[in-house]
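These numbers come from the heavy atoms of this one structure, side chains and all, not from hydrogens, waters or symmetry mates. Letters A, B, ... are given to chains in the order of the sequence lines, protein chains preceding strands, and every chain is numbered from 1.
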Number of protein chains: 2
Amino acid sequence: MRSVEGKMDVAGLLKRAGLRPTRQRMALGALLFGSGDRHLTAEMLHMEAIQHSIPVSLATVYNTLHQFTEAGLLREVAIEGSKTYFDTNTSDHHHFYFEHDGMLMDIESEMVPVMTMPEPPEGMEISRVDVLVRLVAKRQPQEG
Amino acid sequence: MRSVEGKMDVAGLLKRAGLRPTRQRMALGALLFGSGDRHLTAEMLHMEAIQHSIPVSLATVYNTLHQFTEAGLLREVAIEGSKTYFDTNTSDHHHFYFEHDGMLMDIESEMVPVMTMPEPPEGMEISRVDVLVRLVAKRQPQEG
DNA sequence: CTGTGTGCAAACTCTTTGCATAAGT
DNA sequence: ACTTATGCAAAGAGTTTGCACACAG
(Lines give C-alpha, C1' and ligand atoms only; values in the text may rest on other atoms or scores of the structure.)
Protein backbone atom coordinates (compact mmCIF):
# COMPACT_ATOMS: atom_id res chain seq x y z
CA MET A 1 0.00 0.00 0.00
CA ARG A 2 1.63 3.18 -1.06
CA SER A 3 -1.35 5.27 -2.04
CA VAL A 4 -1.18 7.63 0.90
CA GLU A 5 -2.92 10.86 0.02
CA GLY A 6 -0.84 13.37 1.91
CA LYS A 7 2.81 12.99 2.84
CA MET A 8 4.87 10.19 1.50
CA ASP A 9 8.58 9.55 1.51
CA VAL A 10 9.40 10.44 -2.07
CA ALA A 11 12.95 11.31 -1.07
CA GLY A 12 13.44 7.86 0.41
CA LEU A 13 11.85 6.27 -2.63
CA LEU A 14 14.30 8.07 -4.88
CA LYS A 15 17.31 7.36 -2.74
CA ARG A 16 16.47 3.69 -2.54
CA ALA A 17 16.26 3.72 -6.33
CA GLY A 18 19.68 5.33 -6.55
CA LEU A 19 18.33 8.63 -7.82
CA ARG A 20 19.25 11.98 -6.38
CA PRO A 21 16.23 13.64 -4.83
CA THR A 22 16.30 16.82 -6.86
CA ARG A 23 13.52 19.40 -6.84
CA GLN A 24 12.04 18.22 -10.10
CA ARG A 25 12.21 14.53 -9.27
CA MET A 26 10.69 15.16 -5.85
CA ALA A 27 7.88 17.18 -7.34
CA LEU A 28 7.17 14.76 -10.17
CA GLY A 29 7.44 11.85 -7.77
CA ALA A 30 4.91 13.46 -5.47
CA LEU A 31 2.49 13.94 -8.36
CA LEU A 32 3.00 10.41 -9.59
CA PHE A 33 3.00 8.49 -6.35
CA GLY A 34 0.97 10.78 -4.10
CA SER A 35 -2.52 9.72 -5.06
CA GLY A 36 -3.09 6.11 -5.91
CA ASP A 37 -2.38 4.37 -9.16
CA ARG A 38 -2.10 6.61 -12.16
CA HIS A 39 -1.67 6.31 -15.91
CA LEU A 40 0.00 9.27 -17.52
CA THR A 41 1.79 10.35 -20.64
CA ALA A 42 4.81 12.63 -20.48
CA GLU A 43 2.74 15.49 -21.76
CA MET A 44 -0.01 14.96 -19.19
CA LEU A 45 2.49 14.94 -16.35
CA HIS A 46 4.19 18.02 -17.71
CA MET A 47 0.93 19.95 -17.86
CA GLU A 48 0.04 18.83 -14.36
CA ALA A 49 3.40 19.99 -13.07
CA ILE A 50 2.97 23.39 -14.71
CA GLN A 51 -0.49 23.74 -13.15
CA HIS A 52 1.05 23.00 -9.76
CA SER A 53 3.60 25.75 -10.41
CA ILE A 54 6.42 23.27 -10.65
CA PRO A 55 8.93 24.64 -13.12
CA VAL A 56 10.04 21.67 -15.17
CA SER A 57 10.70 21.19 -18.85
CA LEU A 58 9.11 18.54 -21.00
CA ALA A 59 12.53 17.08 -21.72
CA THR A 60 13.13 16.63 -18.01
CA VAL A 61 9.73 14.99 -17.63
CA TYR A 62 10.70 12.48 -20.31
CA ASN A 63 14.08 11.90 -18.71
CA THR A 64 12.54 11.50 -15.28
CA LEU A 65 9.86 9.09 -16.46
CA HIS A 66 12.48 6.90 -18.08
CA GLN A 67 14.75 7.05 -15.05
CA PHE A 68 11.84 6.08 -12.82
CA THR A 69 10.95 3.26 -15.18
CA GLU A 70 14.49 1.91 -15.20
CA ALA A 71 14.52 2.14 -11.43
CA GLY A 72 11.37 0.02 -11.31
CA LEU A 73 9.14 2.77 -9.97
CA LEU A 74 7.05 2.97 -13.12
CA ARG A 75 5.96 0.66 -15.86
CA GLU A 76 5.49 1.53 -19.49
CA VAL A 77 2.19 0.50 -21.02
CA ALA A 78 1.98 -0.54 -24.65
CA ILE A 79 -0.90 0.94 -26.56
CA GLU A 80 -0.96 1.35 -30.26
CA GLY A 81 -0.65 4.88 -31.44
CA SER A 82 2.07 7.28 -30.71
CA LYS A 83 1.60 8.07 -27.04
CA THR A 84 3.48 6.22 -24.34
CA TYR A 85 1.71 5.73 -21.03
CA PHE A 86 3.43 5.24 -17.71
CA ASP A 87 1.73 3.34 -14.93
CA THR A 88 2.56 3.94 -11.27
CA ASN A 89 1.35 0.44 -10.47
CA THR A 90 4.35 -1.78 -11.15
CA SER A 91 2.77 -4.98 -9.88
CA ASP A 92 1.71 -7.78 -12.18
CA HIS A 93 -1.60 -6.63 -13.55
CA HIS A 94 -3.45 -5.79 -16.73
CA HIS A 95 -5.45 -2.96 -18.22
CA PHE A 96 -8.76 -1.81 -19.51
CA TYR A 97 -8.44 0.69 -22.32
CA PHE A 98 -11.38 2.96 -23.06
CA GLU A 99 -11.14 3.47 -26.78
CA HIS A 100 -13.42 6.49 -26.92
CA ASP A 101 -11.29 8.67 -24.69
CA GLY A 102 -7.96 6.87 -24.46
CA MET A 103 -8.30 6.37 -20.71
CA LEU A 104 -6.55 3.50 -18.99
CA MET A 105 -7.65 1.54 -15.90
CA ASP A 106 -6.01 -1.24 -13.94
CA ILE A 107 -7.68 -4.62 -13.97
CA GLU A 108 -7.88 -5.88 -10.43
CA SER A 109 -6.68 -9.42 -10.13
CA GLU A 110 -10.04 -10.53 -8.73
CA MET A 111 -11.57 -9.64 -12.07
CA VAL A 112 -9.39 -12.14 -13.89
CA PRO A 113 -10.54 -15.55 -12.65
CA VAL A 114 -8.10 -17.65 -14.62
CA MET A 115 -5.21 -16.65 -16.79
CA THR A 116 -2.82 -19.36 -17.83
CA MET A 117 0.24 -18.49 -19.74
CA PRO A 118 1.30 -20.04 -23.01
CA GLU A 119 4.55 -21.98 -23.17
CA PRO A 120 7.38 -19.85 -24.52
CA PRO A 121 9.33 -21.19 -27.51
CA GLU A 122 12.58 -23.12 -26.94
CA GLY A 123 15.36 -21.11 -25.35
CA MET A 124 13.10 -18.19 -24.55
CA GLU A 125 11.58 -17.10 -21.33
CA ILE A 126 8.70 -14.78 -20.61
CA SER A 127 9.81 -11.41 -19.36
CA ARG A 128 6.31 -10.01 -19.02
CA VAL A 129 2.78 -10.46 -20.26
CA ASP A 130 0.78 -7.42 -21.26
CA VAL A 131 -2.95 -7.78 -21.48
CA LEU A 132 -4.96 -4.90 -22.83
CA VAL A 133 -8.73 -5.23 -22.80
CA ARG A 134 -10.20 -2.72 -25.22
CA LEU A 135 -13.58 -1.34 -24.24
CA VAL A 136 -16.28 0.50 -26.11
CA ALA A 137 -19.54 1.88 -24.76
CA LYS A 138 -22.29 -0.72 -24.80
CA ARG A 139 -24.93 0.21 -27.33
CA GLN A 140 -28.33 0.94 -25.86
CA PRO A 141 -31.02 -1.49 -27.08
CA GLN A 142 -32.60 1.13 -29.30
CA GLU A 143 -32.81 -0.58 -32.63
CA GLY A 144 -31.25 -3.35 -34.62
CA MET B 1 -6.93 -21.25 -45.28
CA ARG B 2 -5.53 -18.45 -47.29
CA SER B 3 -1.82 -19.05 -47.02
CA VAL B 4 -1.41 -20.39 -50.51
CA GLU B 5 2.16 -19.97 -51.63
CA GLY B 6 1.69 -19.28 -55.30
CA LYS B 7 -1.36 -17.72 -56.89
CA MET B 8 -4.10 -16.24 -54.82
CA ASP B 9 -7.03 -14.08 -55.68
CA VAL B 10 -5.80 -10.73 -54.42
CA ALA B 11 -8.01 -8.95 -56.92
CA GLY B 12 -11.08 -10.71 -55.56
CA LEU B 13 -9.97 -10.02 -52.02
CA LEU B 14 -9.71 -6.31 -52.78
CA LYS B 15 -12.97 -6.16 -54.69
CA ARG B 16 -14.83 -7.92 -51.91
CA ALA B 17 -13.35 -5.33 -49.53
CA GLY B 18 -14.59 -2.54 -51.76
CA LEU B 19 -11.11 -1.51 -52.82
CA ARG B 20 -10.06 -0.96 -56.39
CA PRO B 21 -7.48 -3.51 -57.44
CA THR B 22 -4.77 -1.08 -58.47
CA ARG B 23 -1.21 -2.10 -59.30
CA GLN B 24 0.14 -1.07 -55.93
CA ARG B 25 -2.63 -2.64 -53.90
CA MET B 26 -2.35 -5.86 -55.89
CA ALA B 27 1.39 -5.97 -55.40
CA LEU B 28 1.30 -5.12 -51.70
CA GLY B 29 -1.58 -7.52 -51.21
CA ALA B 30 0.40 -10.29 -52.86
CA LEU B 31 3.36 -9.62 -50.57
CA LEU B 32 1.16 -9.47 -47.51
CA PHE B 33 -1.19 -12.36 -48.12
CA GLY B 34 0.89 -14.56 -50.38
CA SER B 35 2.98 -16.40 -47.83
CA GLY B 36 1.36 -17.24 -44.56
CA ASP B 37 0.86 -14.97 -41.59
CA ARG B 38 3.13 -11.98 -41.46
CA HIS B 39 3.91 -9.13 -39.11
CA LEU B 40 5.22 -6.03 -40.82
CA THR B 41 5.74 -2.35 -40.31
CA ALA B 42 5.07 0.11 -43.11
CA GLU B 43 8.77 0.58 -43.61
CA MET B 44 9.44 -3.16 -43.81
CA LEU B 45 6.74 -3.62 -46.42
CA HIS B 46 8.01 -0.64 -48.36
CA MET B 47 11.54 -2.02 -48.48
CA GLU B 48 10.24 -5.40 -49.50
CA ALA B 49 8.23 -3.86 -52.32
CA ILE B 50 11.28 -1.96 -53.57
CA GLN B 51 13.33 -5.17 -53.52
CA HIS B 52 10.64 -6.82 -55.62
CA SER B 53 10.87 -3.93 -58.09
CA ILE B 54 7.41 -2.72 -57.17
CA PRO B 55 7.44 1.04 -57.54
CA VAL B 56 5.46 2.34 -54.58
CA SER B 57 5.95 5.24 -52.22
CA LEU B 58 6.09 4.98 -48.46
CA ALA B 59 3.04 7.21 -48.20
CA THR B 60 1.08 4.80 -50.38
CA VAL B 61 2.24 1.89 -48.24
CA TYR B 62 0.87 3.66 -45.17
CA ASN B 63 -2.37 4.49 -46.93
CA THR B 64 -2.75 0.95 -48.19
CA LEU B 65 -2.05 -0.62 -44.83
CA HIS B 66 -4.71 1.53 -43.22
CA GLN B 67 -7.20 0.85 -45.97
CA PHE B 68 -6.59 -2.88 -45.62
CA THR B 69 -6.98 -2.59 -41.88
CA GLU B 70 -10.28 -0.74 -42.16
CA ALA B 71 -11.42 -3.34 -44.64
CA GLY B 72 -10.67 -6.05 -42.08
CA LEU B 73 -7.83 -7.61 -44.05
CA LEU B 74 -5.19 -6.61 -41.52
CA ARG B 75 -4.97 -6.03 -37.82
CA GLU B 76 -2.85 -3.47 -36.07
CA VAL B 77 -0.70 -4.77 -33.24
CA ALA B 78 0.03 -2.62 -30.22
CA ILE B 79 3.61 -2.61 -29.09
CA GLU B 80 5.18 0.12 -27.12
CA GLY B 81 7.58 2.26 -29.02
CA SER B 82 6.95 4.16 -32.14
CA LYS B 83 6.57 1.43 -34.71
CA THR B 84 3.18 0.11 -35.71
CA TYR B 85 2.97 -3.52 -36.77
CA PHE B 86 0.33 -4.93 -39.06
CA ASP B 87 -0.67 -8.57 -38.80
CA THR B 88 -2.09 -10.49 -41.74
CA ASN B 89 -3.77 -12.87 -39.31
CA THR B 90 -7.02 -11.16 -38.37
CA SER B 91 -8.39 -14.00 -36.30
CA ASP B 92 -8.66 -13.87 -32.53
CA HIS B 93 -5.15 -14.64 -31.35
CA HIS B 94 -2.25 -13.27 -29.38
CA HIS B 95 1.44 -12.60 -29.79
CA PHE B 96 4.92 -13.41 -28.68
CA TYR B 97 7.24 -10.45 -28.88
CA PHE B 98 10.98 -11.08 -29.03
CA GLU B 99 12.41 -8.11 -27.22
CA HIS B 100 15.96 -8.51 -28.49
CA ASP B 101 15.07 -8.13 -32.16
CA GLY B 102 11.55 -6.75 -32.17
CA MET B 103 10.18 -9.82 -33.95
CA LEU B 104 6.56 -10.82 -33.54
CA MET B 105 5.02 -14.30 -33.64
CA ASP B 106 1.45 -15.52 -33.40
CA ILE B 107 0.49 -17.57 -30.40
CA GLU B 108 -1.41 -20.60 -31.58
CA SER B 109 -4.58 -21.11 -29.63
CA GLU B 110 -3.42 -24.58 -28.51
CA MET B 111 -0.66 -22.87 -26.59
CA VAL B 112 -3.14 -20.97 -24.44
CA PRO B 113 -4.91 -23.62 -22.40
CA VAL B 114 -7.26 -21.34 -20.52
CA MET B 115 -7.91 -17.67 -20.93
CA THR B 116 -10.92 -16.25 -19.19
CA MET B 117 -11.84 -12.67 -19.68
CA PRO B 118 -12.39 -10.13 -16.95
CA GLU B 119 -15.81 -8.57 -16.57
CA PRO B 120 -15.97 -5.18 -18.25
CA PRO B 121 -17.13 -2.22 -16.15
CA GLU B 122 -20.81 -1.16 -16.23
CA GLY B 123 -22.02 0.05 -19.58
CA MET B 124 -18.90 -1.06 -21.37
CA GLU B 125 -18.26 -4.01 -23.58
CA ILE B 126 -15.06 -5.62 -24.71
CA SER B 127 -14.15 -4.80 -28.27
CA ARG B 128 -10.94 -6.80 -28.30
CA VAL B 129 -8.33 -8.27 -26.02
CA ASP B 130 -4.68 -7.88 -26.91
CA VAL B 131 -2.23 -10.17 -25.22
CA LEU B 132 1.46 -9.60 -25.77
CA VAL B 133 3.87 -12.08 -24.24
CA ARG B 134 7.31 -10.51 -24.06
CA LEU B 135 10.20 -12.89 -24.47
CA VAL B 136 13.88 -12.68 -23.72
CA ALA B 137 16.58 -15.26 -24.41
CA LYS B 138 16.87 -17.73 -21.57
CA ARG B 139 20.18 -17.23 -19.83
CA GLN B 140 22.55 -20.15 -20.12
CA PRO B 141 23.51 -21.61 -16.73
CA GLN B 142 27.01 -20.16 -16.91
CA GLU B 143 27.37 -18.26 -13.70
CA GLY B 144 25.32 -16.50 -11.03
C1' DC C 1 34.07 22.36 -5.10
C1' DT C 2 32.71 18.22 -8.14
C1' DG C 3 29.59 15.82 -10.47
C1' DT C 4 25.04 15.01 -11.77
C1' DG C 5 20.59 17.06 -13.31
C1' DT C 6 18.09 20.49 -15.90
C1' DG C 7 16.45 23.63 -19.65
C1' DC C 8 16.37 24.85 -24.13
C1' DA C 9 16.17 24.21 -28.80
C1' DA C 10 17.41 21.57 -32.46
C1' DA C 11 17.39 17.01 -34.33
C1' DC C 12 15.13 12.70 -35.21
C1' DT C 13 11.72 9.06 -36.23
C1' DC C 14 7.50 7.68 -37.61
C1' DT C 15 3.31 9.03 -39.71
C1' DT C 16 -0.06 11.99 -42.12
C1' DT C 17 -1.53 15.43 -45.52
C1' DG C 18 -2.18 18.44 -49.86
C1' DC C 19 -2.06 18.78 -54.41
C1' DA C 20 -0.86 17.79 -59.16
C1' DT C 21 -0.46 13.69 -62.05
C1' DA C 22 -1.50 8.93 -63.34
C1' DA C 23 -4.30 4.95 -63.46
C1' DG C 24 -8.72 2.34 -63.22
C1' DT C 25 -13.62 1.50 -64.79
C1' DA D 1 -14.39 10.92 -69.48
C1' DC D 2 -14.81 10.75 -64.69
C1' DT D 3 -13.33 9.19 -60.36
C1' DT D 4 -10.19 7.46 -57.30
C1' DA D 5 -5.29 6.35 -56.23
C1' DT D 6 -0.51 7.60 -56.20
C1' DG D 7 3.91 10.21 -55.54
C1' DC D 8 6.31 13.69 -53.67
C1' DA D 9 7.70 16.62 -50.35
C1' DA D 10 6.42 19.20 -46.63
C1' DA D 11 4.12 19.28 -42.25
C1' DG D 12 3.04 17.20 -37.85
C1' DA D 13 3.30 14.64 -33.45
C1' DG D 14 5.96 12.60 -30.02
C1' DT D 15 10.39 11.80 -28.33
C1' DT D 16 15.46 12.21 -27.81
C1' DT D 17 19.91 14.60 -27.64
C1' DG D 18 23.87 18.08 -26.86
C1' DC D 19 25.60 21.51 -24.39
C1' DA D 20 25.96 25.33 -21.06
C1' DC D 21 24.29 26.52 -16.55
C1' DA D 22 22.38 25.32 -11.94
C1' DC D 23 21.91 22.63 -8.05
C1' DA D 24 22.85 18.67 -4.64
C1' DG D 25 26.16 16.44 -1.75
Positional range of nucleotides in DNA chain D within the contact set of chain A, heavy-atom, under 4.0 Å: dG14(D) to dG25(D)
Candidates Leu104(B), Leu135(B), Val133(B), Val77(B) - the one meeting side-chain contact (heavy atoms from CB on, under 4.5 Å) with Tyr97(B): Leu104(B)
Sugar-phosphate only, base, or nothing, as touched by Thr84(B) at under 4.0 Å among non-hydrogen atoms: sugar-phosphate
Residues in contact with DNA chain C, drawn from residues 58-68 of chain A - heavy-atom cutoff 4.0 Å: Ala59(A), Thr60(A)
Salt-bridge contact Arg16(B)-Asp9(B) (side-chain N to carboxylate O under 4.0 Å): yes
Spacing of OG1 belonging to Thr64(B) relative to CG belonging to Leu28(B), to within rounding of 0.5 Å: 5.0 Å
Inter- and intrachain pairs under ring-ring contact (aromatic ring centres under 6.0 Å, His included), touching residues 50-73 of chain B, at least two apart: Phe33(B)-Phe68(B), His66(B)-Phe86(B)
Identified side-chain hydrogen bond (donor to acceptor under 3.5 Å, both in side chains) counterpart of Asp106(B) within the set His94(B), Arg38(B), His39(B): His39(B)
Derivation of the side chain to side chain contact (heavy atoms under 4.5 Å, CB included) call for Thr84(B) and Leu65(B): CA-CA 11 Å; Thr84(B) 305; Leu65(B) 286 171; over 6 Å; no
Test item: Leu14(A) and Met26(A) side chains (from C-beta on) under 4.5 Å apart, heavy atoms: yes
Rounded to 10 degrees, the angle between the two terminal axes of the helix from dC1(C)-dG25(D) to dT25(C)-dA1(D), each from five pairs: 30°
Whether His46(B) side chain and Met44(B) backbone form a donor-acceptor pair below 3.5 Å: no
Heavy-atom contact window of chain B on DNA chain C, given 5' to 3' at under 4.0 Å: dC14(C) to dT25(C)
Which atom pairs, donor and acceptor, lie under 3.5 Å between side-chain atoms of residues 122-132 of chain B and protein residues at least two apart or in another chain?
from: Ser127(B); atom 1: OG; to: Glu99(A); atom 2: OE1; distance (Å): 3.3
from: Arg128(B); atom 1: NE; to: Asp130(B); atom 2: OD1; distance (Å): 2.9
from: Arg128(B); atom 1: NH2; to: Glu76(B); atom 2: O; distance (Å): 3.3
from: Arg128(B); atom 1: NH2; to: Asp130(B); atom 2: OD1; distance (Å): 3.3
from: Arg128(B); atom 1: NH2; to: Asp130(B); atom 2: OD2; distance (Å): 3.2
from: Asp130(B); atom 1: OD1; to: Arg75(B); atom 2: NH2; distance (Å): 3.4
from: Asp130(B); atom 1: OD2; to: Arg134(A); atom 2: NE; distance (Å): 2.8
from: Asp130(B); atom 1: OD2; to: Arg134(A); atom 2: NH2; distance (Å): 3.0

